[in-house]
Enquirer: 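Input: one structure, supplied below.
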Number of protein chains: 2
Amino acid sequence: MTDPVAPLSPPEPSATRQPRKNNPEKTREDILQAAINEFVQQGLAGARVDAIAERTATSKRMIYYYFGSKEQLYVECLVKLYGDIRKTEQSLDLESLPAEQAIRRLAEFTFDHHDRNVDFVRMVCTENIHYGEYVKKSPAIREMSSLVLQALSSTLERGVKAGVFRPGIEVIDLHMLMSSFCFYRVSNRHTFGDIFQIDLADEQVKQRHRQMICDVVLSYIRA
Amino acid sequence: MTDPVAPLSPPEPSATRQPRKNNPEKTREDILQAAINEFVQQGLAGARVDAIAERTATSKRMIYYYFGSKEQLYVECLVKLYGDIRKTEQSLDLESLPAEQAIRRLAEFTFDHHDRNVDFVRMVCTENIHYGEYVKKSPAIREMSSLVLQALSSTLERGVKAGVFRPGIEVIDLHMLMSSFCFYRVSNRHTFGDIFQIDLADEQVKQRHRQMICDVVLSYIRA
DNA sequence: GTCTATAATAAGATAGAC
DNA sequence: GTCTATCTTATTATAGAC
């Protein structure tokens, strides 16, 4: 098909010996995003390296070149998605608000983030199916996450001192209460929605639940 | 190894031509339980039909003989696990208790059931990763599930009439509040536990959370 | 109804040219 | 750094004897 000499074709535009359109940074990012999409849709076992390659502007060979294996690629996807949530969590500026309002803002943020990042939720589900063995391999994820608890903790303290919250609340438990509701609503939307005949994506239902988790948390911790 | 004639061995006990030890009912149940174990551990895509066969007293051929395909076998596993929770839910006898106590019993049951049935929780996670497309195929699961909401609904009504609960609570939302906390605690124990350094299987933590979900629900609906 | 052996295919990973 | 072609293994599913 391709003639080995090509004597009549025009010369290559670049004379500085650059193979074609090399952009390692972009190629790597491109693969990572394609992998997230595939893992999120198919799970770890269900994901196909070939399928990831097809979602990419590059080839399967590059996946192994940059990431070594399917598992290592998967871990990098996890780190990226956890990084996204933790970064945005820090822009909340809870200290500037009265305790009760700060709790409300945190609950609403938690709700919104899960609602908008189905990818993150699905990835965490997949990871738990695999007994969390890949998050355990990445200390970076653990380190990023302690900040939320610190922010929540100091807010609680402020509220107790101000007399609006009752003392004795465990920070981790409160965080779990918020996370579980916001997470479940997204993670289990298919089974829950089908079985109980409710459309969890509906805007009215969504606003109701957003309000609800705030009320639930506040009624629980109020003095 | 086995001699084809066996002239000195004792005669077969059954003379009525029964191949070996045929017990279709038991074989089917055996396969189903083995499949649950495999699906629960590996997910749908990760589960191997060979692995299921190895967990069985019978062979891989029988899996296809009884269930047709890996997918159909998976659906039967789902139906079985959903059936288990819905059956036990009906033995709660909430009508015999004062409204507030009935809510407490339901919350505790929900907590205990999820805590004791990790298999169920993991299977539901897997199913949601697959967009719930298999529960949708089984109307039996949907039909079984409406009973919980009915029980919760009449309990709420009683409480409102008695003046202990405030009106306007959505039944489905309350059910989701209970389910989400109880479910998440089990489904996400690996990531949550590792990231926030808490052992969710610890007996003290468990009792604290069991108490907590009751308090959360009641403080939210109390008049 | 049950078993062993195998067909047909698909998947993760790599070789080697450019 | 990038590409195509391919190796190796494992997987779903079935054939055919008993």
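A, B, ... follow the sequence lines: proteins, then strands. Residue 1 opens every chain. Heavy atoms only: backbone and side chains are in, while hydrogens, waters and symmetry mates are out.
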Enquirer: Name the nucleic acid region contacted by B:Ala47, choosing base, sugar-phosphate or nothing; use a 4.0 angstrom heavy-atom cut-off, strictly under.
Expert: sugar-phosphate
Enquirer: Distance check: side-chain N/O of B:Thr27 vs OP1/OP2 of C:dT2, anything under 4.0 Å?
Expert: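 Checking C:dT2 against B:Thr27, a side-chain N or O does come within under 4.0 Å of OP1 or OP2.
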Enquirer: Below 6.0 angstrom between ring centroids: does that apply to B:His175 and A:Phe196?
Expert: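 Yes, ring centres under 6.0 Å apart.
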Enquirer: Apply the ring pair (Phe, Tyr, Trp, His ring centres under 6.0 Å) test between A:Tyr184 and each candidate in B:Phe181, B:Phe183, B:Tyr184; give the one that qualifies.
Expert: B:Phe183
Enquirer: OP1 or OP2 of D:dG1 sitting under 4.0 Å from any side-chain N/O of A:Thr58?
Expert: no
Enquirer: At under 4.0 Å between heavy atoms, what does B:Arg61 touch on the DNA or RNA strands: base, sugar-phosphate, or nothing?
Expert: base
Enquirer: Remember a base hit wins even if backbone is also touched, and classify B:Tyr66 as base, sugar-phosphate or nothing at under 4.0 Å, heavy atoms.
Expert: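 Touches sugar-phosphate only.
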Enquirer: Under 4.0 Å between a side-chain N or O of B:Arg48 and OP1 or OP2 of D:dT12?
Expert: yes
Enquirer: Examine the base of C:dA13 for any acceptor or donor lying under 3.5 Å from a partner atom in the side chain of A:Lys60, and report the outcome as yes or no.
Expert: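 Yes, the side chain and the base share a sub-3.5 Å donor-acceptor pair.
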Enquirer: State which of D:dG1, C:dG12, D:dA13 makes the closest approach to the side chain of A:Lys70.
Expert: C:dG12
Enquirer: So B:Ala51, base contact, sugar-phosphate only, or nothing? Heavy-atom distance under 4.0 Å.
Expert: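 Counting heavy atoms under 4.0 Å across all strands, no contact is made by B:Ala51.
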Enquirer: Does a sphere of radius 6.0 Å around CD in A:Gln204 hold more than 12 heavy atoms from other residues, nucleotides or ligands, not counting ones at 6.0 Å or beyond?
Expert: no
Enquirer: In whole Å, I'd like the distance from the CZ atom of B:Arg28 to the C1' atom of C:dT2.
Expert: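 Taking atom C1' of C:dT2 as the reference, CZ of B:Arg28 is at 17 Å.
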Enquirer: Heavy-atom distance under 4.5 Å between the side chains of B:Arg28 and B:Phe67, does that happen here?
Expert: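 Yes; the side chains approach each other to less than 4.5 Å.
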Enquirer: Could you state the atom-to-atom distance from CG of B:Asp30 to P of C:dT2 in whole Å?
Expert: 11 Å
Enquirer: Any side-chain N or O of A:Tyr64 below 4.0 angstrom from OP1/OP2 of C:dT14?
Expert: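 So the side chain of A:Tyr64 is outside the cut-off, no N or O lying under 4.0 Å from OP1 or OP2 of C:dT14.
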Enquirer: Does A:Ser59 have a side-chain nitrogen or oxygen under 4.0 Å from the phosphate oxygens OP1 or OP2 of D:dT2?
Expert: no
